[in-house]
Amino acid sequence: MAEEEETVHYDGAEGGWGSLRGMASIAWSEKPTPAVLDTLRRQNKVRGFMCVSCAWTKPAQAHPLEFCENGAKATFWELTSRRCTPEVLSAHKISELRTWKDHDLEQLGRITHPMRYDRPSDTYVPCSWEEAFAAIGRELKAIDPRSAVFYASGRASLETSYLYALFARVYGHNNLPDSSNMCHETTSVALKKLIGSPVGTCVLSDLHLCDAIFFFGQNTGSNSPRLLHPLQEAVKRGVKIVTFNPIREKGLEVFKNPQSPAEMLTPKETPISTLYLQVKAGGDIAAITGLIKHVLAAEERKWAQEKLHILDIEFIQQHTNGFEAMKAEVEAKSWEEVECESGLARADLEEAAQIYIEASRSIAMYGMGLTQHVHGFENLAALTNLWLLKGNIGREGTGISPVRGHSNVQGQRTVGISEKPELVPLDRLAWQYGFEPPREEGMNTVKACEKIISGDVKAFIGLGGNFLRAIPEREMMETAWQKMRLTVQIATKLNRSHLINGEVAYLLPCLGRSEKDSQVSGAQAVTMEDSLSCIHGSLGNNTPASQHLKSEVAIVAGMAKATLPPNPKLPWDDWTGDYAKIRNAIEQTYPDQFRDFNDRVFTPGGFYRGNSARERIWKTPSGKAEFTVPKAMTSVGFAPAEGRYRLVTLRSNDQFNTTIYGYSDRLRGIEGTRDVVLMNPEDIAAAGLENGQLVALASDAGDGVHRQVDGLTVIPFLLPRGCLGAYYPEMNPLIPLWYHDEQSKTPAAKGVPVRIVT
Ligand SMILES: Nc1nc2c(c(=O)[nH]1)N[C@H]1C(S)=C(S)[C@@H](COP(=O)(O)OP(=O)(O)OC[C@H]3O[C@@H](n4cnc5c(=O)[nH]c(N)nc54)[C@H](O)[C@@H]3O)O[C@H]1N2
Ligand SMILES: Nc1nc2c(c(=O)[nH]1)N[C@H]1C(S)=C(S)[C@@H](COP(=O)(O)OP(=O)(O)OC[C@H]3O[C@@H](n4cnc5c(=O)[nH]c(N)nc54)[C@H](O)[C@@H]3O)O[C@H]1N2
Ligand SMILES: [Mo]
């Protein structure tokens with residue numbers, strides 16, 4: 001098709017030689033320490049170390065090399081031989097570093113010393129750990145605990161996260177936003193409400209038993225490439241894969257296994273998706289409504305003709321609530337509306353629905369394409385409606401499976417990092433540690449940003465991550481940030497969030513997960529929970545990047561000790577000396593999920609924490625799984641208007657969130673730059689633009705605030721008309737803080753209203 005020839009695309013398969021070249025280029029730029037090969041061999045194996053990239057599960061029977069291109073890049077990145085020393089930092093004023101790109105900042109390498117921001121010289125200067133802890137303790141003691149925010153990025157271990165949340169509560173607040181608030185918070189809120197469990201219901205064996213897998217807005221090839229292995233096996237078994245995504249993502253089209261010599265040396269590739277539907281950004285509710293309409297119509301026909309059911313009537317009667325109301329509303333929607341809002345043809349939707357009807361076991365997998373919308377909750381409600389119709393939850397080979405992001409983001413919630421007190425066993429904590437935990441709801445990410453803007457937040461601690469780069473409303477936030485009294489960042493590498501500082505500011509460097517963590521009782525393991533609720537131990541064995549680093553556990557404990565009055569029930573030093581004691585404490589707080597925790601740390605494939613919805617026990621107020629009457633037909637939060645586009649913010653194959661490894665988005669065929677805007681060729685023509693033209697994107701949210709990103713090259717690309725694609729985090733200045741999922745407050749980064757400025 002002529003259109004396809006004119007647009008940018010990549011011919012090779014996901015995996016294959018391209019992925020090996022991708023790894024090699026990062027290895028070349030990072031010059032990782034020689035231990036890297038041994039580390040890669042141990043990656044995701046029992047008693048090895050667990051990848052710091054995505055949260056996809058680690059199988060009990062590992063491949064000889066159980067890592068992917070992006071997992072290897074993440075390891076190279078952590079084991080870089082580059083060092084960001086006090087000398088390097090003293091050579092650059094912070095105001096100068098602020099003009100650098102994300103990639104160049106992290107390229108300075110691993111931070112080697114604890115540092116204090118020195119305002120007169122506008123540089124970071126080295127300090128001792130004692131000085132840093134004492135100052136942090138002094139500052140925190142001087143303010144109302146409820147004006148402090150403790151952020152966590154989803155990488156820190158269960159041990160660190162448990163102590164961090166405990167520190168916050170004993171100090172006196174529930175202000176524990178984490179990266180999940182920008183990510184799968186929609187999942188935590190929606191699944192909890194609909195099926196009584198905030199996490200996915202699948203385990204790995206379900207993927208071996210299903211007949212169909214539906215993908216909604218998840219880019220497996222870039223973001224969870226190890227999932228391609230079970231997918232490839234599924235395809236070989238004849239499993240049908242249906243994908244809904246505005247972009248034809250390579251990893252869901254074809255796969256070549258870089259670990260199979262036979263596939264690498266022949267032109268053999270496995271096609272992945274049976275049916276690939278380029279839904280409009282924000283069009284999933286309508287698309288799923290179309291699917292449900294077809295299933296309901298087919299049910300009626302089947303019953304009339306054969307007195308047989310397509311729906312799982314028994315399941316619906318016994319286990320669900322609200323079927324009739326949902327049915328009536330969906331049947332009342334017209335196909336015209338479905339086609340218009342989804343951007344898909346009825347025949348295509350019927351074909352997808354037919355695959356769903358014919359499969360006796362179906363799995364739904366999804367990612368940010370569903371969660372990061374104003375009506376993200378409605379997206380998940382629609383998907384749950386469809387999945388309940390055939391009893392596809394709580395049965396072997398079926399389920400709903402959010403594909404999580406950070407390697408322990410799900411686990412952090414499990415052990416108490418939550419602003420929502422009802423999700424945390426506060427009474428147990430009170431009993432265990434003899435204190436009265438704060439009961440009022442804490443700040444999530446959006447709330448924390450609002451309160452930073454209003455000047456009510458006085459202190460911010462960041463346990464990893466790059467908060468200021470990851471959030472919406474960048475300009476207003478960067479200005480407001482500097483009004484805070486205390487900012488503390490615990491990190492491995494320098495990033496933009498370290499360059500905007502409060503009055504008193506510390507940068508505390510920590511060990512990476514692949515590094516040896518030696519404490520008084522010896523080498524320590526840490527644990528994390530994957531997307532399928534399995535908990536794995538991880539042992540780092542590389543020499544730390546600097547002798548001045550501390551573990552995240554030691555840093556959290558150091559700050560807590562300096563802030564809180566002494567309490568024998570809170571043995572911060574003992575916990576730091578032996579992480580098994582933290583695991584005992586976790587087990588005491590969560591006896592069911594973490595039974596015999598220390599004995600099970602190295603269970604092959606991890607140990608399963610359990611999920612009530614998988615057992616068809618619905619912990620909802622009605623005691624049943626909930627059908628939802630659709631309230632919206634689009635998941636974007638604005639009406640169409642002349643010149644207004646839906647901007648989808650994208651990850652490239654060469655980044656991990658705000659960490660930019662390089663400028664090669666190989667799988668989309670975009671090389672050498674990230675300053676691009678991807679646009680349908682017909683839209684380019686209709687707007688009177690030319691391929692390669694430089695434009696700006698401006699916010700079109702109708703709130704009168706000027707938000708603009710300049711210097712973007714127009715690239716013709718096959719996405720639905722009216723949709724634009726451009727990279728995260730560069731586009732974050734365009735997202736209003738108030739533009740988020742209505743229920744979970746997850747910023748709506750996949751359907752941002754913008755216009756093009758020439
Ligand atoms: N290499 C690498 N791995 C990562 C990350 C990384 O940055 N790099 N990040 C990690 C993190 S924290 C997370 S949360 C995950 C993120 O992984 P994903 O959930 O895959 O998130 P994204 O890449 O943001 O977007 C997913 C897909 O949604 C599609 N999409 C956009 N809008 C819509 C829509 O309205 N409907 C539908 N159906 N699709 C839509 C996009 O085209 C894209 O293919 O990956 C994790 N793994
Ligand atoms: N527009 C738009 N915005 C988005 C998204 C989007 O799709 N579009 N996605 C959202 C999502 S899903 C997420 S999860 C957030 C991500 O937000 P964050 O989790 O806050 O950001 P990251 O980029 O993952 O954090 C990278 C930094 O973590 C630090 N780091 C790395 N390893 C370690 C470690 O072992 N310990 C510690 N302490 N620090 C470490 C390094 O200093 C590195 O610079 O962004 C969100 N923002
Ligand atoms: Mo994420």
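Residue numbers count from 1 along this sequence. Counting starts at 1 for both ligands and their atoms, in listed order. What you see below is based on every heavy atom in this structure, not just the backbone, and it leaves out hydrogens, waters and symmetry mates.
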**Q** Among all protein heavy atoms, pick out the one at the shortest distance from atom 13 (C) of ligand 1; state its residue, atom name and that distance to 0.1 Å.
**A** Gly405 CA, 3.1 Å
**Q** Does a side-chain N-to-carboxylate-O contact under 4.0 Å join Asp665 and Arg674?
**A** no
**Q** For ligand 1, is any non-hydrogen atom under 4.0 Å from His184's backbone (N, CA, C, O), its side chain (CB onward), both, or neither?
**A** neither
**Q** Just by distance, no angles: are the side chains of Arg651 and Asn657 close enough, under 3.5 Å, to form a donor-acceptor pair?
**A** yes
**Q** With heavy atoms only and a cut-off of under 4.0 Å, state how Asn223 meets ligand 1: side chain, backbone, both or neither.
**A** both
**Q** Side chains of Trp77 and Glu106: is there a donor and an acceptor less than 3.5 Å apart?
**A** yes
**Q** Please report which non-hydrogen protein atom sits nearest to atom 25 (O) of ligand 1, along with the residue it belongs to and the distance in Å to one decimal place.
**A** Lys750 CE, 3.5 Å
**Q** When you check the gap from the basic side-chain N to the acidic O, do Glu419 and Lys745 get nearer than 4.0 Å?
**A** no
**Q** Closest by any non-hydrogen atom to atom 11 (C) of ligand 2: pick that one out of His406, Gln655, Arg651.
**A** Arg651
**Q** Would you say Asn245 contacts ligand 1, with heavy atoms under 4.0 Å as the rule?
**A** yes
**Q** Can an N or O of Gly465 be found at a distance shorter than 3.5 Å from an N or O of ligand 2?
**A** yes
**Q** Quick one: does ligand 2 sit under 4.0 Å from the side chain of Ala491, the backbone, both or neither, non-hydrogen atoms only?
**A** both
**Q** Using heavy atoms and a threshold below 4.0 Å, how should the contact between Ser179 and ligand 1 be classified: side chain, backbone, both, or neither?
**A** neither
**Q** Classify the contact between Val279 and ligand 1 as side chain, backbone, both or neither, using a heavy-atom distance cut-off of under 4.0 Å.
**A** side chain
**Q** With a 4.0 Å cut-off, would you call Asp102 and Arg469 a salt bridge?
**A** yes
**Q** Answer with yes or no whether Pro729 contacts ligand 2, where contact means a heavy atom under 4.0 Å from a ligand atom.
**A** no
**Q** Any carboxylate oxygen within less than 4.0 angstrom of a Lys/Arg side-chain nitrogen, looking at Arg496 and Glu478?
**A** yes
**Q** Could you see which bit of Thr658 sits under 4.0 Å from ligand 2, with heavy atoms only: side chain, backbone, both or neither?
**A** both
**Q** To check your reading of the model: name the closest protein heavy atom to atom 44 (O) of ligand 1, its residue, and the distance in Å.
**A** Glu249 OE2, 2.6 Å
**Q** What part of Met368, side chain from CB on, backbone N/CA/C/O, both or neither, has a heavy atom under 4.0 Å from ligand 1?
**A** both
**Q** Has Lys493 got any heavy atom lying under 4.0 angstrom from an atom of ligand 2?
**A** yes
**Q** Out of all atoms in ligand 2, which are within 4.0 Å of some heavy atom of Glu106? Include the element for each.
**A** 43 (C), 44 (O)
**Q** What distance separates Ile555 CD1 from Leu463 CG, expressed to the nearest 0.5 Å?
**A** 8.5 Å
**Q** Numbering the atoms of ligand 2 from 1, which are under 4.0 Å from a heavy atom of Gly464?
**A** 37 (C), 38 (N), 39 (N)
**Q** Can you confirm whether the side chains of Glu185 and Ser744 place a donor and an acceptor under 3.5 Å from each other?
**A** no
**Q** Looking at atom 31 (C) of ligand 1, what's its closest protein heavy atom, distance included?
**A** Val648 CG1, 3.5 Å
**Q** Heavy-atom contact under 4.0 Å between Arg155 and ligand 2?
**A** yes
**Q** Under the side chain to side chain contact (heavy atoms under 4.5 Å, CB included) test against Asn245, which residue among Phe216, Phe215, Tyr276 passes?
**A** Tyr276
**Q** In the protein, what heavy atom is nearest to atom 26 (C) of ligand 1, and what distance, to one decimal place, separates them?
**A** Gly217 O, 3.4 Å
**Q** For a side-chain hydrogen bond (donor to acceptor under 3.5 Å, both in side chains) with Thr39, tell me which candidate from Asn541, Asn542, Thr75 qualifies.
**A** Asn542
**Q** For atom 33 (C) of ligand 2, which candidate among Thr445, Asn181, Thr492 holds the nearest heavy atom?
**A** Thr492
**Q** For Tyr506 together with Trp129, are the ring centres under 6.0 Å from each other?
**A** no
**Q** With heavy atoms only and a cut-off of under 4.0 Å, state how Asn657 meets ligand 1: side chain, backbone, both or neither.
**A** both
**Q** Lys73: heavy atom below 4.0 Å from ligand 1, yes or no?
**A** no
**Q** Below 4.0 Å from ligand 1: does a non-hydrogen atom of Ser224 turn up there or not?
**A** no
**Q** So which bit of Asn219 gets within less than 4.0 Å of ligand 1, heavy atoms only: side chain, backbone, both or neither?
**A** both
**Q** Could you tell me whether Tyr661 and Phe656 have their ring centroids closer than 6.0 angstrom?
**A** no
**Q** Which protein heavy atom lies closest to atom 1 (N) of ligand 1, and at what distance to 0.1 Å?
**A** Ser222 O, 2.9 Å
**Q** Between Glu78 and Lys73, is there a side-chain N and carboxylate O pair less than 4.0 Å apart?
**A** no
**Q** In this structure, which one of Pro747, Ser153, Pro177 forms a side chain to side chain contact (heavy atoms under 4.5 Å, CB included) with Met182?
**A** Pro747
**Q** Pairing donors with acceptors under 3.5 angstrom, does anything connect the side chains of Thr243 and Ser273?
**A** yes
**Q** Under 3.5 Å, is there a donor-acceptor pair linking the side chains of Thr57 and Arg226?
**A** no
**Q** As an exercise, identify every atom of ligand 2 less than 4.0 angstrom from a heavy atom of Glu552.
**A** 34 (C), 36 (N), 37 (C), 38 (N)
**Q** Arg404 and side chain to side chain contact (heavy atoms under 4.5 Å, CB included): which single residue from Val199, Leu532, Asp530 fits?
**A** Val199
**Q** Counting non-hydrogen protein atoms only, what is the nearest one to atom 34 (C) of ligand 1? Give residue, atom name and distance.
**A** Gly369 O, 3.2 Å
**Q** Looking only at non-hydrogen atoms, which of Gly367, Gly251, Cys183 approaches atom 14 (S) of ligand 1 most closely?
**A** Cys183
**Q** Atom 2 (C) of ligand 2: which protein heavy atom is closest, and how many Å away?
**A** Tyr728 CD1, 3.2 Å
**Q** In terms of ring plane angle, is the pair Tyr124 and Tyr117 parallel, tilted or perpendicular, where the classes change at 30° and 60°?
**A** perpendicular
**Q** Specify the protein heavy atom at minimum distance from atom 38 (N) of ligand 1: its residue, its atom name, and the distance to 0.1 Å.
**A** Asp284 OD2, 2.8 Å
